[in-house]
Amino acid sequence: MAELYDFDTAIDRRGTWCVQWDGVADRFGVDGLLPFTISDMDFATAPEVLAALRDRLDHGVFGYTTWQQDDFRSAVAHWYATRYGTEIDTGQLVYGPSVLNQLSQLLQMWTGQGDGVVVHTPTYDGFRKAITGLGRELRGVPVGDWEALERELSRADAKVLVLCSPHNPTGRVWMGAELTRMAELAERYGVAVVSDEIHADFVHEGYVHVPWTRVAGAGGGGGRWALVSSGSKAFNFPALTGSYGLIGDPADRAEYLRRMETAEGLASPAVLSLTAHIAAYREGGPWLDAVRAYVAGNLGHVAERLSADLPELRWEPPQAGYLAWIDLRAAGVDDAELQRVLVERERVAIMGGAVYGAPGFVRLNVGCPRAKVERGVEALIRAVKSVKSSPSGV
């Protein structure tokens, strides 16, 4: 299907107030680097989304808007039914300006100062900022360490498990049995769950995403839970803002809506976000399948090049997403020196694993034309080899 769309032609994003391209100096201290950083893609969104946005712009009136209407609710329900074989209760739907804003609201509802919030490590830095910024204690457990997970959930002041499903930055897709086990543990210890599923639409061939709604209440006790997501990641329109959630408990749902509409003053969503979501979820499936296949090819290219030049890494593509999480520890390179060589000599910006609490790794964004991926992986290979052969990188 990828041949129906042009993902090879580069679109110049410079000068568009783009964080990845125009804001690279904010994180790396140098302008003009070729970026493989923040998790958005260099592709234009689906043609169906663009057409819907143009039609809405042509209307010309942009007054206050409501998300509580059937066009939006039914589009989300249609997406979950056709993509995940899951029937959702649209009465549980809520709306927000972003997934992280929704997370912040839920943390304020379900935790107090100093309470423990459990996450899997390595951890998306947005979670870290949201949790610690609210004065909560972030408690990390390694992905797959069930003893550590139960130990942290069983602590008296552990109040919320923030789940990234699929996991960012590793690209891990949680199996249904794993999610059921998490739900049972959370219910056993009275811990609420917030499942961030914004990467779900980018699960690759051979893997299946299971929405949290399918396992909520697995322990028989119901438990507090919320699923938060957005079409903005898969369809590449985060600049339009907008996310949605499903909150299981009616009282919690009412309190969330009260906070958004009164305390936060966010009763009216961005109309273009609603328009984009509806078009994406109703008509954008073929485009998403094509871009996912193209990205899988990009990841395959990274795997091929790393296997040829750095076989000791034994790197394999992630199960979901367009972020190549690469373990460089077998190469024995110094993180700081590697970043210096990448920036100063190779002129590329690649996220270091320390951002996510995992020194020795890098996260390479391959949601871009193949030619850019080729430049990025070759730069990474040269930099790793250079640092391996000379501690100073010179």
Side-chain angles (χ1 to χ4, degrees), residues 7-44 122 124-126 128-129 168-169 171 233 236 238-239 291 294-295 297-299 301-303 305-306 309-310 313 315 317-318 321-329 331 333-394:
F7 300 120
D8 286 319
T9 300
I11 299 172
D12 188 358
R13 301 181 67 191
R14 295 180 180 87
T16 61
W17 316 319
C18 163
V19 172
Q20 183 166 186
W21 289 80
D22 294 332
V24 69
D26 295 339
R27 187 181 289 270
F28 292 86
V30 180
D31 277 321
L33 304 180
L34 185 66
F36 299 86
T37 53
I38 194 168
S39 59
D40 64 11
M41 297 185 285
D42 288 334
F43 308 127
Y124 166 49
D125 57 323
R128 188 182 307 277
K129 292 172 184 175
N168 177 14
K233 188 68 64 178
N236 206 37
V291 78
Y294 185 89
V295 164
N298 283 349
L299 290 166
H301 176 77
V302 173
R305 294 300 302 116
L306 292 180
D309 280 79
L310 298 170
L313 302 184
W315 187 80
Y322 49 81
L323 304 170
W325 181 245
I326 303 171
D327 185 350
L328 297 176
R329 291 174 297 179
V333 297
D334 177 76
D335 284 14
E337 185 60 20
L338 177 64
Q339 283 295 322
R340 187 189 70 79
V341 173
L342 287 170
V343 170
E344 295 181 7
R345 181 185 298 174
E346 299 295 340
R347 304 293 294 171
V348 297
I350 299 174
M351 299 293 279
V355 172
Y356 315 98
F361 290 74
V362 292
R363 196 188 80 170
L364 179 76
N365 181 343
V366 299
C368 56
R370 182 68 52 80
K372 182 185 173 190
V373 174
E374 291 170 353
R375 290 180 61 189
V377 72
E378 295 303 327
L380 177 62
I381 289 169
R382 284 193 300 269
V384 170
K385 287 184 172 182
S386 172
V387 175
K388 280 177 63 178
S389 64
S390 171
S392 65
V394 297

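- When L323, N298, V302 are each tested for a side chain to side chain contact (heavy atoms under 4.5 Å, CB included) with L364, only one passes: V302.
- At least one cation-pi condition fails for R329 and F361: the charged atom is not both under 6.0 angstrom from the six-membered ring centre and inside a 45 degree cone around its axis.
- The backbone N or O of W17 sits less than 3.5 Å from a side-chain atom of D22, completing a donor-acceptor pair.
- In this structure, the separation between CG on D335 and CD on E337 is 11.0 Å, given to the nearest 0.5 Å.
- Counting heavy-atom neighbours within 6.0 Å of R375 CZ, excluding the residue itself, gives a total of 12 or less.
- Side-chain atoms of N168 do not come within 3.5 Å of backbone N or O of Y124 as any donor-acceptor pair.
- Between D8 and R370, no side-chain nitrogen of the basic residue sits less than 4.0 Å from a carboxylate oxygen of the acidic one, so the salt-bridge criterion is not met.
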Table please: side-chain donor-acceptor pairs of residues 25-38 below 3.5 Å, with sequence neighbours left out.
none

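- Within the model, atoms CG of D334 and NZ of K388 stand 14.5 Å from one another, a figure rounded to the nearest 0.5 Å.
- Atom CZ of residue F43 and atom CZ of residue F7 lie 6.5 Å apart, to the nearest 0.5 angstrom.
- Checked against E344 for a side chain to side chain contact (heavy atoms under 4.5 Å, CB included), the options R347, E346, R340 give a single hit: R340.
- Looking only at distances, no side-chain donor or acceptor of D125 sits under 3.5 Å from a matching main-chain atom of Y356.
- Across S39 and R363, no two heavy atoms sit closer than the pair N-NH2, 3.8 Å.
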Let me see the working for K385 and L310 under side chain to side chain contact (heavy atoms under 4.5 Å, CB included), right down to the final yes or no.
-> CA-CA 8 Å; K385 287 184 172 182; L310 298 170; 4.3 Å; yes
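- Closest non-hydrogen pair, P122 versus A358, comes out as CB-CB, 3.9 Å.
- Scanning all heavy atoms of the two residues, the minimum distance from I11 to A44 falls at CD1-N, 3.7 Å.
- Salt bridge present: K372 and D42 bring a charged side-chain N and a carboxylate O closer than 4.0 Å.
- Taking each heavy atom of A331 and V384 in turn, the nearest pair found is CB-CG1, 3.9 Å.
- Distance check, rounded to the nearest 0.5 Å: CG of L338 to CD1 of I350 gives 7.5 Å.
- Between L342 and A383, the shortest heavy-atom distance links the atoms CD2-CB, 3.5 Å.
- Interatomic distance, Y322 OH to N365 CG, rounded to the nearest 0.5 Å: 6.0 Å.
- What you find for P317 and W315 is that their closest heavy atoms are CA-CH2, 3.5 Å.
- In this structure, CZ in R13 is found 10.0 Å from SG in C368, a value given to the nearest 0.5 Å.
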